[in-house]
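I have placed the structure first, in the form of structure tokens, so that the comments after it can refer back to it.
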Amino acid sequence: MIEKALAVAFQIGLVLLLSPLVTGFNRVLKARAQTRRGPSLLQPYRDLYKLLRKGMVIPDTASWIFTATPFVLFVTTLLASLLIPMVSVAAPLSLFGGVLAVVYLLALGRFFLALAGLDTGSSFGGLGSSREMTISAIAEPALMLAVFTVAIGAGSTNLSIVAQSAQGQSWRFLAPSQMLAFAALFIVLIAETGRIPVDNLSTHLELTMIHEAMILEYSGPYLALIEWAAAIKQLVLMMLLVNVFFPFGLSADWSPGAVLFSLVLFSLKLLLLSIVVAIVEIGNAKMRLFRVPELLAIAFVLGALALVSTFLFQG
Amino acid sequence: MHFWQDSEFGNRMITLMAALVLVLQIVMVTERWIVTNIRAFALQSFLLACIANTIAYYNNAPHIYAAAVFMLLVKAILLPVMFERLVTKIEIRQEIEPLINAPISVIITGLLTLLAYVVAESFHRPDEPLSPASLGHNTLAVAIALFLIGFFMMVNRRKALTQVLALLSLENGIFLAAISLTYGMPMIVEVGIFFDVLVAGMVLAILVYRIRETFDSMDVSRLSRLKG
Amino acid sequence: MAIFVLLSIPLFACGLTALMRKRQWMEAVHLLSGIGLFATAASLAGSVLRSGSVSSGNGFLYVDSLSALVAVLTAFVYMVCTPYAVGYLRRDESDGTLAPHGDAHAALRRLRMYYCLMPLFVFCMFLIVVANNLGVMWIAIESTTLASIFLVTFYGRPTSLEAAWKYAMIGGVGLSMALFGTVLTYYSAHQVLGGDSVSALNWSVLVLQAQHFDKPVMRLAFILILLGFGTKAGLAPMHTWKPDAYCQAPVPVAALMSTAVLNCALYGLARFYVLTTRCLGPAFASNLLILFGLLSIGVAAPFILVQRSSRRMLAYSSIDHGGIMVLGLGFGGVLGVLGMLMHMTFHTVTKPLLFFCVGNIQQHTGNDAMRRGASGLVHVLPISAPMFLLGALAVTGTPPFSMFQSEFMVLRAGFASQHLGLSIVFVACVVAIFCGFFHHVTQLVLGPPSGAPREAFSRWKTYPVIGLSTVVIAMGFWLPAPLYQLLDGAVRILAVQP
Amino acid sequence: MWPICELYSAGLLVYAVAALAGLTAHLRKTTAAWIAPLLCYAAIAAAALEFSASCGALFAGAAFDWSLPSGIQSIHYGVCLDPLSAYFNMALSLLAVCVGVYSVGYLRHGAASRRPGLFCCFFNLHLLSLTLVFTASNIVFFLIAWELVVVTAYFLVVTDHESTEVRRGGILYILMSRGGTGLMFLGFLLLASAAGSMEFQAMHGSGEKLSPVLGASAFLLLFFGFGVKAGIIPLHIWLPAAHPVAPSNVSALMSGIVIKTGIYGMARVFFDFYGVLPVWTGMLVLVAGVVSALLGVLYALMEHDLKRLLAYHSIENIGIILMGFGSALLFRSFGYPQLAALALVAGLFHTLNHGVFKCLLFLGAGSVLQGAGTRNMEEMGGLIRRMPWTALYFLIGAVAISGLPPLNGFVSEWFTYQGLLAGFGTTSTLTRMAFPIAGALLALTAALAAACFVKAFGITFLALPRGESAEHAMEAPASMKTGMALLAASCVVLGLGATWFIPIFAPITQRALGVQITQQLVAGNSLVLTAGSVRNGSVSPLMLALGLVALGVVPFALWLAPGRKSSRVTGPSWDCGLPGLTAANEYTATAFSKPLRMIFGALFRPRREIQAEFDVSPYYPKAIHFESEIEPTFETHIYEPIWTAIQAIAARMRKIQTGSIHAYLAYIFVTLILLLLFGVRG
């Protein structure tokens with residue numbers, strides 16, 4: 001029982017530490033691509049530390065939902081991260097929720113974030129919430145088809161079992177259904193974390209911002225919690241992508257040696273994925289809002305093809 | 001025995017008189033004047049009374065005599081006189097304008113008679129000997145023809161009084177069927193029927209009179225305000 | 001003995017009223033005759049239940065459970081109509097519609113005519129039910145038409161005259177067809193029975209020998225009988241006189257005609273149906289009955305959907321229910337016949353309630369228009385309007401009420417006799433009629449108050465409505481045992497085992 | 001040991017007595033204040049009795065049946081409380097208790113308070129007939145109770161019959177229900193003629209005895225007959241017309257349980273009367289479910305009348321239930337009873353869940369309507385400050401209906417997903433693709449529902465009040481709050497305690513599919529719900545909730561870690577430098593749903609018109625009038641053409657009664673001639 005608690009604590013600590021690093025690494029890559037030095041790798045940690053100590057301004061029209069949302073968002077994303085195998089195949093709480101629970105925990109966080117956006121009473125909040133809910137709604141079918149492909153392949157929605165069964169077969173990730181599902185999930189990752197073709201995190205121009213519009217009124221520790229939760233959410237989706245499709249190197253149990261080795265391997269895989277994400281961001285300009293459904297329709301078609309190919313190519 | 005006891009002669013006489021009744025019916029269909037129409041109806045009723053007498057005589061069924069007397073009294077005398085007094089009292093234009101003009105209505109009457117024979121034919125049993133019981137069988141076709149033509153005349157007439165006349169001639173057909181097929185219904189039924197016909201005649205006359213008063217014309221096609 | 005009392009009460013009442021001078025006396029006689037008739041009919045039914053069938057005048061008058069049932073129903077309707085008629089005519093008199101420009105003497109004369117003709121009308125109906133001789137039955141039906149002509153022209157308006165004329169003409173033609181049919185039946189029975197004794201045309205005698213009758217003549221006879229009694233019952237294509245007559249006649253007369261006359265006409269039709277099925281087998285008669293039944297329901301549906309006058313809507317509803325009864329008889333078998341008789345019973349209880357409510361509404365608003373007419377009547381007529389809504393639900397066969405059970409039984413008979421397609425048409429028409437009927441009634445009853453003053457409470461017009469609605473609700477859940485035995489006996493007579 | 005029969009009949013008796021008391025109170029014109037609460041307490045007591053009776057029947061597994069003679073030999077009023085009836089009766093009585101508590105406060109004002117006696121009479125009669133529908137044991141009594149539900153519901157919907165909109169909704173409701181009942185007549189009689197008797201017991205498995213064609217037609221008749229009542233997409237137009245106009249406690253009951261009578265009928269026919277059905281039936285039900293769910297939520301998104309929005313959501317959730325039933329039928333026809341039982345449990349559990357949270361949402365909308373005086377969301381806003389408790393309960397209902405963990409909506413949708421997921425492997429034909437596509441569309445529906453309820457909750461309760469009536473809103477009285485609290489609590493308990501609730505379905509699936517699945521569905525000493533076995537996926541809403549609470553420590557620790565207490569100031573939101581933020585700046589409901597209206601434009605064909613008035617310069621309009629509406633496709637393209645065609649035919653048929661006596665006599669003459677020509681020969 002204690003061993004389980006240790007595993008949970010370890011995974012929590014790892015997630016908290018790694019997530020700002022990923023966003024930081026992503027900013028550094030983009031800066032280098034635009035031939036400028038860009039902020040240091042540890043800048044996100046410094047921002048969070050500064051924000052946690054700064055004062056806060058709460059809008060007078062806001063209700064208790066405004067103050068509760070950062071905590072709900074942070075906690076749901078953190079719990080979602082515990083359901084996914086990170087360094088060991090046996091994810092700490094995978095018995096209590098499979099991939100559906102992950103998807104819907106993130107949806108719960110998004111639900112409260114959208115409400116908080118509306119709570120501020122300014123049109124920016126409403127704009128952000130409306131766009132966020134629309135895009136996530138359109139992304140759901142593609143996400144669900146990819147999840148279905150993975151679950152059908154492994155015969156279960158429990159992510160630990162999915163990772164185990166994927167480890168068992170060699171060159172599993174080269175199967176067409178897995179590649180297509182990976183592509184579909186990758187597009188959904190871009191849409192969900194608000195990367196360039198769908199949303200631009202670094203600007204506050206009302207024409208383009210979606211995620212930023214909702215958290216416009218947050219400041220101080222609340223803003224820190226929300227930024228951190230967004231980073232964790234990004235890490236969760238990346239972990240889902242990495243450990244479900246390329247599960248090799250995940251340690252079978254929680255022995256310290258194996259965990260250390262799989263941690264190194266995991267961070268390498270994470271590095272590669274964030275490089276790919278950065279390349280996509282650099283290579284694309286932001287799409288018009290009503291072009292995004294077409295992108296997600298492509299993801300949906302990819303998901304459907306993945307499903308068909310499971311029984312078409314016996315893959 | 002005398003010629004009039006010979007049932008063959010009786011049969012011939014009945015068929016002849018039935019044919020005359022049919023002819024009178026066709027005359028009523030084509031007749032233009034109301035008064036002559038009433039008189040044709042009276043003559044028809046009188047002939048029917050004679051047929052009843054002949055059948056009663058040859059089948060010595062006493063109560064048919066009573067039926068003949070009733071027919072004579074009610075339909076040959078009482079009702080026609082009442083109608084004529086009504087017609088002269090109201091002194092409406094004597095002209096009858098039927099819905100369908102004369103030539104076509106004659107053709108229709110012919111078709112109806114043909115239909116009557118087709119229907120009556122299914123009852124005729126060739127094998128049956130010509131016994132007094134089957135004396136009036138061939139008059140069934142005439143009865144059905146009278147009935148159908150009477151009905152057609154009701155549909156065809158504009159004036160209220162002529163519709164009543166058509167209704168009564170229609171009942172003549174039924175009377176002919178009754179006496180020729182079954183030698184009259186039980187007495188109490190005969191009396192009842194004639195009493196009803198009498199009351200019907202009087203009630204309809206009152207109605208015709210009130211229609212004449214409120215619509216100041218007997219044209220029934222005026223009565224079409226109740227729709228839908 | 002009960003039969004003679006049954007026949008003599010109306011004659012006695014008619015005679016007495018003819019001599020009366022004062023209105024109160026006429027009303028008293030009218031009410032007493034109503035109650036007396038119902039009591040006699042009930043005792044007659046009791047004696048029939050005990051001894052199977054009652055006959056007197058050596059077989060001239062013959063009452064079995066079928067005729068006892070129809071007699072009880074007719075007496076019930078008459079008993080309910082009498083108090084309502086008193087209230088209705090008093091209101092007419094005070095409105096001045098009875099006599100032009102308030103001439104009291106003419107009004108009294110017209111009232112006397114009404115109170116004389118009504119018992120006569122009922123007497124003829126009881127004669128139909130009681131007569132064993134088919135010829136006498138025809139005479140009785142003919143006299144109901146004659147008696148009711150002047151009831152239809154009661155108000156003397158041009159339109160009521162027009163309605164009476166159509167009623168007389170179409171009735172006259174129909175009944176002459178019925179006479180021809182009776183003559184032919186007698187002819188086809190003539191060979192078998194021979195001799196022309198008085199009892200030759202008695203139903204009880206004929207029914208025993210029915211198998212040996214002459215087949216083709218019987219076929220022609222049944223066609224003519226069906227057309228004749230169908231005209232009297234108001235089955236489609238012969239229904240055209242009904243909407244006009246019910247629209248123009250006073251409400252109690254219309255209520256009596258739409259239930260009692262319909263029952264008697266179907267009673268006559270049922271008598272001949274038994275003879276024909278015994279002689280020709282069930283196929284011929286039931287096909288014709290199904291044809292006319294469905295035709296009536298089919299014709300009634302569109303008229304109710306787009307109807308503009310409430311009285312005419314009730315007339316078409318009667319045509320529809322006549323069609324359902326004939327359809328039930330046509331489907332045949334114990335289920336079909338029991339369905340028909342139950343439908344006749346429940347219709348006889350429900351339809352007068354609707355007529356009384358429409359009567360109250362018409363006397364309050366002055367016209368019976370529905371589309372652009374009054375609305376929100378529930379505020380003005382606190383009892384009649386809701387009961388009208390309740391009656392509308394009952395008469396369209398909505399389940400909690402009794403009409404549903406009889407309609408469902410007819411439907412089950414349809415399924416039992418493998419007429420699936422026809423049953424689908426039947427259900428479709430019933431649903432269409434419900435839509436039209438209920439739509440019109442709710443537009444009339446519900447809605448904002450139109451500011452008109454609340455109707456003055458009149459005992460005579462409201463208590464019959466309340467009494468009838470309690471009976472309608474009670475019938476939905478429970479049927480008195482003697483009534484059910486009467487129904488059972490009647491079914492055994494009609495349900496000819498194929 | 002559990003006196004089911006006595007409790008059940010006592011419940012019926014109390015309902016009946018309360019109804020009669022209401023009627024007498026109305027007839028004696030007493031509108032004293034204590035009438036309505038007293039009758040509501042009676043309803044609550046009766047519902048409690050029914051609740052205990054059905055729980056007894058479910059847990060103790062003891063069924064009973066007695067019958068009442070009706071005076072007519074062939075018809076008797078039989079009642080039987082078998083597991084399926086007990087389950088639905090339990091759901092009904094749970095909702096009846098909560099709505100009863102709510103009504104005590106609700107009936108103080110509003111349309112129903114003008115005629116309290118009559119309203120309470122119909123209310124109790126309505127609950128009585130609902131209980132009878134669920135427990136009737138033969139066809140005639142079932143149909144009588146069914147139509148009694150329709151009639152009493154109609155009279156409840158038209159309590160405020162002064163307004164034309166109410167009357168139109170009421171008449172549309174009763175006419176379409178009657179059409180549905182007509183279809184059911186035919187379907188039931190087909191089955192009865194095969195089974196030879198009208199008893200439900202005798203009709204068990206009677207579907208097989210029918211020939212394939214008759215069996216299929218009976219299935220279709222009953223499916224569309226019940227579909228009208230359940231509100232499946234093509235037959236749904238009465239639902240958004242009738243539910244919003246009814247008093248809120250009535251529309252809560254109607255959306256919560258009355259449309260479930262259709263679902264009960266389908267469950268009874270599909271799983272009790274029919275053994276194995278052909279594949280196309282299951283596919284039809286699944287497709288109907290998907291279409292109803294998707295179109296239901298899409299139309300809900302476009303609504304800015306709170307109660308119409310909730311009515312469309314009922315259609316969506318009925319779609320989800322039908323998805324469960326459809327996949328259960330498909331599994332049974334593919335020969336996988338275990339999976340069929342899983343899908344059936346998903347459908348039935350969602351029926352109860354939807355009943356609970358939809359009832360909660362309608363009661364919330366009712367108190368908002370009474371507090372803020374309007375149903376239009378564009379005039380609401382900022383109600384969370386004045387109506388905190390209603391806002392909290394509405395929020396719990398919104399989270400539940402969007403299927404978000406850890407509440408009950410998530411659990412039943414999780415089971416539906418698992419059913420669809422398992423369906424992929426059951427057949428090799430192309431129909432296997434239907435399951436994942438349905439799963440994907442279910443996900444889309446759930447996400448759109450979440451978006452819709454963010455809009456509904458956000459626009460109604462948050463930020464600044466848009467209309468002055470919303471400014472002076474008052475909190476709902478105590479009894480209304482307790483009613484909503486009970487429902488919110490049952491939402492949470494059904495969510496977290498799902499593992500203890502699932503074994504209830506064991507007798508139902510045993511009778512319907514002959515297989516007991518509930519042991520496999522619950523594992524980990526009844527903490528975890530599984531989809532057949534732990535191996536193929538498990539979830540534990542209780543542990544998730546505990547996890548969420550426990551992990552709450554981490555953000556607090558991070559907030560307090562830096563030591564110095566940071567200042568916390570309230571100030572105005574950013575208003576782009578304009579002079580002060582007013583309600584006009586806020587996002588409106590129409591604006592919120594605009595992106596989705598553009599994306600699904602093909603379905604809605606949106607139309608909008610903008611008139612702007614300028615006075616000085618063409619760039620600064622003085623006032624802009626904006627109007628946008630979407631095309632009600634089903635009404636304009638299906639129902640109106642049919643209705644006008646029927647009216648045209650009927651008008652033409654009216655020509656028969658021309659008024660001329662010659663025509664009338666001609667009709668009879670022609671009939672006579674035809675009969676003579678063909679009849680005599682025949």
Side-chain angles (χ1 to χ4, degrees), chain A residues 12 52-61 63 65 71 74-76 78-79 93 95-98 100-101 104-105 107-108 111 114-115 118-123 126-127 129-131 133-134 136-138 140-141 144-145 148 151-152 155-158 161 216-217 220-221 225 289-290 293 307, chain D residues 384-385 399 402-405 410 414 417 421 424 433 436 439-441 443-444 447-448 450-451 454 457-458 462-464 524 528 535-540 543-544 547-548 551-552 554-555 558-559 561-562 564 566-575 581 585-587 591-592 595-596 598-599:
Chain A
I12 291 175
L52 279 174
R53 291 172 50 251
K54 279 178 73 76
M56 253 191 311
V57 176
I58 312 283
D60 45 23
T61 67
S63 61
I65 287 182
F71 296 99
F74 192 90
V75 162
T76 46
L78 199 57
L79 184 62
L93 301 175
L95 178 66
F96 302 131
L100 291 172
Y104 275 95
L105 276 171
L108 179 62
F111 185 84
L115 281 184
L118 280 170
D119 201 7
T120 53
S122 80
S123 37
L127 178 121
S129 311
S130 156
R131 288 180 182 167
M133 292 314 283
T134 311
S136 64
I138 306 293
E140 279 287 320
M144 200 46 77
L145 277 185
F148 263 48
I152 286 162
S156 152
T157 56
N158 186 328
I161 295 166
L216 211 56
E217 290 300 325
L225 285 179
L289 180 62
F290 292 121
L307 256 174
Chain D
I384 196 165
R385 198 155 284 103
V399 168
S402 317
L404 300 174
F410 168 71
W414 185 81
Y417 275 124
L421 186 64
F424 187 78
M433 274 308 287
L441 292 180
L444 174 61
L448 289 173
V454 161
F457 185 80
L462 300 181
L464 295 171
V528 173
R535 199 201 165 293
N536 41 31
S538 59
V539 77
S540 158
M543 293 312 289
L544 287 183
L548 285 176
L551 286 176
V554 174
L558 290 174
W559 187 25
R564 232 172 3 77
S566 44
S567 69
R568 177 187 165 108
V569 170
T570 56
S573 332
W574 165 245
D575 50 13
L581 205 64
N585 299 94
E586 280 165 3
Y587 236 54
F592 192 90
L596 281 165
M598 301 296 288
I599 293 169

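Computed from a predicted structure; not experimentally measured. So that the names make sense, note that chain A is the first sequence line, chain B the second, and so on, each numbered from 1.
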If you tally heavy-atom pairs under 4.5 Å against chain A, which of Ile599(D), Leu441(D), Leu448(D) wins? Ile599(D)
Which word best sums up how the rings of Tyr417(D) and Phe148(A) line up, parallel for under 30°, tilted for 30 to 60°, or perpendicular for over 60°? perpendicular
The reported gap from CG in Leu548(D) to CZ in Phe71(A) (rounded to nearest 0.5 angstrom) is 14.5 Å
Look up atom CD1 in Ile161(A) and atom OG in Ser538(D), then write down how far apart they are to the nearest 0.5 Å. 7.0 Å
Mind ranking Ile12(A), Leu289(A), Asp119(A), Leu216(A) by heavy-atom pairs under 4.5 Å with chain D and telling me who comes out on top? Asp119(A)
Between Ala440(D), Ser402(D), Pro572(D), who has the most heavy-atom pairs with chain A when the cutoff is under 4.5 Å? Ala440(D)
Calculate, to the nearest 0.5 Å, the distance between atoms CG and OG1 belonging to Asp60(A) and Thr570(D) respectively. 6.5 Å
Under 3.5 Å, side chain of Ser573(D) to main-chain N/O of Ser122(A), donor-acceptor pair present? no
Looking only at heavy atoms, the pair that brings Leu79(A) and Leu544(D) closest together is CD2-O, 3.6 Å
Minimal heavy-atom distance between Phe592(D) and Ser129(A), with the atoms involved, is CE1-CB, 3.9 Å
Measure Phe111(A) against the heavy atoms of chain D and call it side chain, backbone, both or neither at under 4.5 Å. both
Closest non-hydrogen atoms of Pro595(D) and Ser130(A), given as atom of the first, atom of the second and distance, are CG-OG, 3.2 Å
For the candidates Ile384(D), Leu464(D), Val569(D), Val539(D), which exhibits the highest count of non-hydrogen atom pairs separated by less than 4.5 Å from chain A? Val569(D)
Between the main-chain N or O of Thr61(A) and the side-chain N or O of Arg385(D), is there a donor-acceptor pair closer than 3.5 Å? yes
Inter-residue atom distance Leu307(A).CG - Met433(D).CE, 0.5 Å rounding: 5.0 Å
To the nearest 0.5 Å, what is the distance between CD1 (Ile138(A)) and CG (Leu444(D))? 6.5 Å
For each of Gly439(D), Gly458(D), Ser540(D), tally heavy-atom pairs with chain A at distances under 4.5 Å, and name the one with the top tally. Ser540(D)
Determine the minimum heavy-atom distance between Ala447(D) and Glu140(A), stating which atoms define it. CB-CG, 3.3 Å
Identify which of Leu105(A), Val75(A), Leu78(A), Asn158(A) forms the greatest number of heavy-atom pairs closer than 4.5 Å to chain D. Val75(A)
Interatomic distance, CG@Leu551(D) vs CG@Leu93(A), rounded to 0.5 Å, equals 8.0 Å
Applying a strict 4.5 Å limit to non-hydrogen atoms, the region of Phe74(A) in contact with chain D is side chain
Greatest number of non-hydrogen atom pairs under 4.5 angstrom with chain D, of Ile152(A), Leu145(A), Thr76(A), Leu225(A), falls to Ile152(A)
State, yes or no, whether a side-chain contact exists between Phe410(D) and Leu108(A) at a heavy-atom distance under 4.5 Å. no
From the list Ser136(A), Ser123(A), Gly220(A), the residue making the most non-hydrogen contacts under 4.5 Å with chain D is Ser123(A)
Among Ala591(D), Gly571(D), Gly537(D), who wins on heavy-atom pairs under 4.5 Å with chain A? Gly571(D)
Under 4.5 Å heavy-atom distance to chain A, tell me which part of Val454(D) shows up: side chain, backbone, both or neither. both
